[in-house]
Colleague: 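Below is a structure I'd like to ask you about.
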Amino acid sequence: MVQGSGAGIPAIRRWIDWCAARAAKTASPYPRKDSPTPSILPPELASELDASSGVLPYALSARLLRHFGIAIDHEELAVSLEEGMAAARRIGYPVALKAASPDIAHKTETGLVKLNLRTGAEFAAAWRELEGILALHHADARREGMLVQGMVRSAGGKSGDVVETIVGVNRDGGFGSAVMVGLGGVFVELLRDVSLELAPLSPEGARAMIGRLKAAKLLTGFRGRAASDVEALSDVLVRVAAMCCALGDRLVSLDLNPVMVLPEGEGVRIVDIVMQVAPARHCGETD
C-alpha cells in the first residue's frame, strides 16, 4: 500500500497538472479580442495553396504568415540587381542578402547568405557572388529571386540584446499539430532546448511554453542583458497555433528560424521561413 501510494500520488499530481494546462490552453484562443486571428483563407490565397505541395516558395509562406497576423517586415524580394539595390535603399543599410529558392533549405551552409552589407558597392558584389554560386552549384534549383532584409538591431543599436529563438510546427497523424519553441539559430541542433504543445494555444499556454525552456533566463534579462519581448514571442506562438488549426493536415511542418526576440516592447523579427504542405488530394489520408 505504501509503495502503491508513493507511485500513485505523483501520477495523480501529473494528471491534475495536465488538466489544468488543458483548461488554460483553451481559455482564450487569441491574444487580443480586437485583433482575432482569421480562420479562413481568402480565395486567391487558398487557390495558390491548393496548387502547391512540398516546401512552399518563400513569398507564399510569408503571405500565409501575414494573413494570420504574424508580421514579416523589413524585407523585400527582388529579381534583379537594380530591384535589389532599390530595396536596400528603402530598407536602409546595413542589409542582409540571401538567395530565395524552395529547393535550397540550408542557405548559410552553402554560402548563399551575405550579412552586414553597408554600401551599394558591397551589395552589388554580394549579389553577383550569390548569382555565381547558384549557377555553379544549384543550376536546377527553382529561383524566386534574392531576399533583401534589414539587419536586426535593438532600438539601442545593440545586437547583443537580441535573443535568437526558433518557432516550429510538426504534424502527427494521431495527435495533430505540435507547436515548438526553443533557443534558435545555430544552437537549436546543439542544445535541443525546446518546449512543445499541441495546437490551439492560449496566451497563457504560450507563455508557459517559453517559461519551461532552460534558456528562459536569457529572455528575462540575464546578467545585465535587456529583458526580451516575451509577449511578442508568445503572440507568434498563439498565431502559429491558430494557423495550424485553420490549415489542418495541409500544414506538414513549419520552421521559423531564427525568430529574433528584441528587447521588451520592440517585438520580434522572423529571419527565415521554411513551410511544407501536403498536396490537397492527400489531405485527410492516413499512413
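We count residues from 1, following the sequence as given.
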Colleague: Return the minimal non-hydrogen interatomic distance between Ile133 and Thr110, and the atom names on each side.
Modeller: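 Shortest heavy-atom separation between Ile133 and Thr110 comes out as CG2-O, 3.7 Å.
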
Colleague: Decide yes or no for Ile72 and Tyr58: does some side-chain heavy atom of the first lie under 4.5 Å from some side-chain heavy atom of the second?
Modeller: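 Side chain of Ile72 against side chain of Tyr58, heavy atoms only: contact under 4.5 Å found.
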
Colleague: Side chains of Val179 and Leu196: closer than 4.5 Å at any heavy-atom pair?
Modeller: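 No; the side chains remain at least 4.5 Å from each other.
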
Colleague: Specify the closest pair of heavy atoms between Arg225 and Leu218, including all atoms of both residues, with the distance to one decimal.
Modeller: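 Scanning both residues, the minimum pair turns out to be NE-O, 4.3 Å.
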
Colleague: How about Asp161 and Pro263: do any of their side-chain heavy atoms sit closer than 4.5 Å?
Modeller: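 Yes - at least one pair of side-chain heavy atoms lies under 4.5 Å apart.
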
Colleague: Hey, are the side chains of Leu262 and Asp229 touching, using non-hydrogen atoms and a 4.5 Å cut-off?
Modeller: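 They are not in side-chain contact.
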
Colleague: Taking side chain as C-beta onward, heavy atoms only, is Val167 less than 4.5 Å from Ile270?
Modeller: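 Val167 vs Ile270: side chains apart.
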
Colleague: Determine the minimum heavy-atom distance between His67 and Leu45, stating which atoms define it.
Modeller: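 Answer, listing the atom of His67 first, then Leu45: CB-CD2, 4.0 Å.
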
Colleague: So His138 and Leu112, do their side chains get closer than 4.5 Å, heavy atoms only?
Modeller: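 Leu112 vs His138: side chains touch.
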
Colleague: Work out which heavy atom in Ala215 is nearest to a heavy atom in Leu183; give both atom names and the distance.
Modeller: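 Minimum heavy-atom contact is CB-CD1, 4.0 Å.
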
Colleague: Compare all side-chain heavy atoms of Leu247 with those of Leu49 and state whether any distance is below 4.5 angstrom.
Modeller: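 In short, these two side chains touch, coming nearer than 4.5 Å.
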
Colleague: Return each pair, listed once, that meets salt bridge (charged side-chain N to carboxylate O under 4.0 Å, His left out) where at least one residue sits in residues 50-59; pairs must be two or more places apart or across chains.
Modeller: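 Of all non-adjacent pairs touching residues 50-59, those that pass salt bridge (charged side-chain N to carboxylate O under 4.0 Å, His left out) are Asp50-Arg250.
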
Colleague: Could you check if a side-chain atom of Leu233 sits within less than 4.5 angstrom of a side-chain atom of Val181, using non-hydrogen atoms only?
Modeller: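 They are in side-chain contact.
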
Colleague: Quick one: which residue pairs count as a salt bridge (charged side-chain N to carboxylate O under 4.0 Å, His left out) with a foot in residues 165-179, not counting sequence neighbours?
Modeller: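 As it turns out, there is no salt bridge (charged side-chain N to carboxylate O under 4.0 Å, His left out) pair with a partner in residues 165-179 once direct neighbours are skipped.
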
Colleague: Could you tell me which non-hydrogen atom of Val148 sits nearest to which non-hydrogen atom of Gly84, and how far apart they are?
Modeller: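 Answer, listing the atom of Val148 first, then Gly84: CG2-O, 4.0 Å.
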
Colleague: With Ser61, which of Val274, Leu56, Asp272 fulfils side-chain contact (heavy atoms from CB on, under 4.5 Å)?
Modeller: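 Of all the options given, the one that passes is Leu56.
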
Colleague: Where is the tightest heavy-atom contact between Ala216 and Ile210, given as atom of each residue plus distance?
Modeller: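 Looks like CB-O, 3.6 Å.
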
Colleague: Which distance, rounded to the nearest 0.5 Å, do you find between the CG of Leu237 and the CE of Met209?
Modeller: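 CE of Met209 is found 5.5 Å from CG of Leu237.
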
Colleague: Between Arg143 and Glu131, is a salt bridge (Lys or Arg N to Asp or Glu O under 4.0 Å) present by the stated rule, with each step listed?
Modeller: CA-CA 11 Å; Arg143 297 194 195 184; Glu131 287 280 15; 2.8 Å; yes

Colleague: Do Ser234 and Arg207 have side-chain atoms, one donor and one acceptor, less than 3.5 Å apart?
Modeller: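 Looking only at side-chain atoms, Arg207 and Ser234 do not form any donor-acceptor pair under 3.5 Å.
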
Colleague: Using only atom types and a distance under 3.5 Å, with no angle test, would you say the side chain of Gln149 pairs donor to acceptor with the backbone of Val271?
Modeller: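 At least one qualifying donor-acceptor pair exists.
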
Colleague: Begin from the C-alpha positions of Arg63 and Glu48 and carry the test salt bridge (Lys or Arg N to Asp or Glu O under 4.0 Å) through to its verdict.
Modeller: CA-CA 11 Å; Arg63 285 172 56 207; Glu48 199 169 346; 2.5 Å; yes

Colleague: Determine which pairs satisfy salt bridge (charged side-chain N to carboxylate O under 4.0 Å, His left out) with at least one residue from residues 91-109, sequence neighbours left out, and list them in order.
Modeller: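 Passing the test, one end in residues 91-109: Asp103-Arg142.
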
